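Here's the structure, in structure tokens; my notes come after.
Please read these numbers as outputs of a predicted model, since none were measured by experiment.
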Amino acid sequence: MLRNTRSGWGVISILFHWLSALAIVGLFILGWWMTGLGYYDPWYNQAPWIHRSIGILLLLATAGRLVWRCVQPTPAAEGNRLERMAAHLGHIALYVLLLLVLTSGYLISTANGRGISVFGWFEVPAVLYDLPNQASLAGDVHWYSALALMVLAGGHALIALIHHYRYRHATLKRMMSPRYSKTNL
């Protein structure tokens, strides 16, 4: 089942979720590692290029994911009313932080007026640049919003595991495979 239903996530939503999670964690690790590279390190130029390229692909995927989420039904959340409201607000916070991290990364990379080459496949132009302290301010926003995103994503994963193991909810199973909709359990 490619599409979502009221009782479960479809393959497209599941792929968006897990590929985004992998990219977010990978970009955070790569970004942190890059900050320790010296000028003469062979990865000094290559690692940021990879980081920027994956970041732009993630930005495009996130835009697609948001459009997909708007045109698809959202499966009913499990738990009591407070838990469902917290889950909804938590997901909004994840999206806001993700967009903040990606946008600030774009602003860092284009502060000099040059576009971003995405693995040499295409270039994303610099639309907004030459603002006072653009790279520095965007860099601070990028770092702190990335940290907040990782903390929130870690909490998201922990809560999913608690719902799975302690409360025996199907939340995690439904995000692993479309065959685990509420009606199939």
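Tested against Ser145 for a side chain to side chain contact (heavy atoms under 4.5 Å, CB included), the candidates Asp140, Thr103, Leu100 yield a single pass: Leu100.
A heavy-atom distance below 4.5 Å is found between the side chains of Tyr106 and Ile116. Using a 4.5 Å heavy-atom cutoff, the side chains of His169 and Arg174 are not in contact. Under the 4.5 Å side-chain criterion, counting only non-hydrogen atoms from C-beta, Thr110 is in contact with Gln134. Proximity of Arg65 to His17: side-chain heavy atoms (C-beta onward) are separated by under 4.5 Å at one or more points. Between Trp18 and Met176, some side-chain heavy-atom pair lies under the 4.5 Å cut-off.
Residues Thr5 and Pro75 come closest through the heavy atom pair O-CG, 3.5 Å. Nearest heavy-atom pair across Val118 and Ser53 is CA-OG, 3.5 Å. Scanning both residues, Leu27 and His51, for their nearest heavy atoms gives O-CE1, 3.1 Å. Counting all heavy atoms, side chain and backbone alike, Ile14 lies closest to Ser177 at CD1-C, 3.6 Å. Between Arg3 and Val71, the shortest heavy-atom contact is NH2-O, 4.5 Å. His142 and Gly105 get closest at one heavy-atom pair: ND1-N, 3.3 Å.
Put simply, Trp33 and Leu149 are part of the same group of oily side chains (I, L, V, M, F, W, Y) that touch within less than 4.5 Å, one to the next. Cluster annotation: Val127 and Leu131 are assigned to the same hydrophobic cluster (Ile/Leu/Val/Met/Phe/Trp/Tyr, side-chain heavy-atom contacts under 4.5 Å, transitive). Cluster annotation: Trp43 is connected to Phe28 through the hydrophobic network of ILVMFWY side chains, with a link wherever side-chain heavy atoms come within less than 4.5 Å. Follow the hydrophobic side-chain contacts under 4.5 Å out from Val101 and you reach Ile29 in the same cluster. Two different hydrophobic clusters hold Ile108 and Val124 under the rule that ILVMFWY side chains link at heavy-atom gaps under 4.5 Å.
Taking the side chain to side chain donor-acceptor pair (under 3.5 Å) definition, one finds that Ser13 meets it with Asn4, Trp68, sequence neighbours left out. Residues passing the side chain to side chain contact (heavy atoms under 4.5 Å, CB included) test with Leu60 are Ile56, Phe122, sequence neighbours excluded.
Distance CG/Leu94 to CG/Leu99: 11.0 Å, rounded to 0.5 Å. Expressed to the nearest 0.5 Å, how far OG1 of Thr62 lies from CG of Leu98 amounts to 4.0 Å. How far CD1 of Ile159 is from NE2 of His164: 15.5 Å, rounded to the nearest 0.5 Å. In this structure, Leu97 CG and Leu147 CG are separated by 10.5 Å, a value rounded to the nearest 0.5 Å.
In the displayed structure, Phe119 atom CZ is contacted under 6.0 Å by more than 12 heavy atoms of other residues, nucleotides or ligands.
Sorted by first and then second residue, the ring pair (Phe, Tyr, Trp, His ring centres under 6.0 Å) pairs involving residues 80-101 (not counting sequence neighbours) are His91-His156.
Remark: the Glu78 side chain and the Thr171 side chain contain an N/O donor-acceptor pair separated by less than 3.5 Å.
A side-chain donor-acceptor contact under 3.5 Å links Asn80 to the backbone of Glu83.
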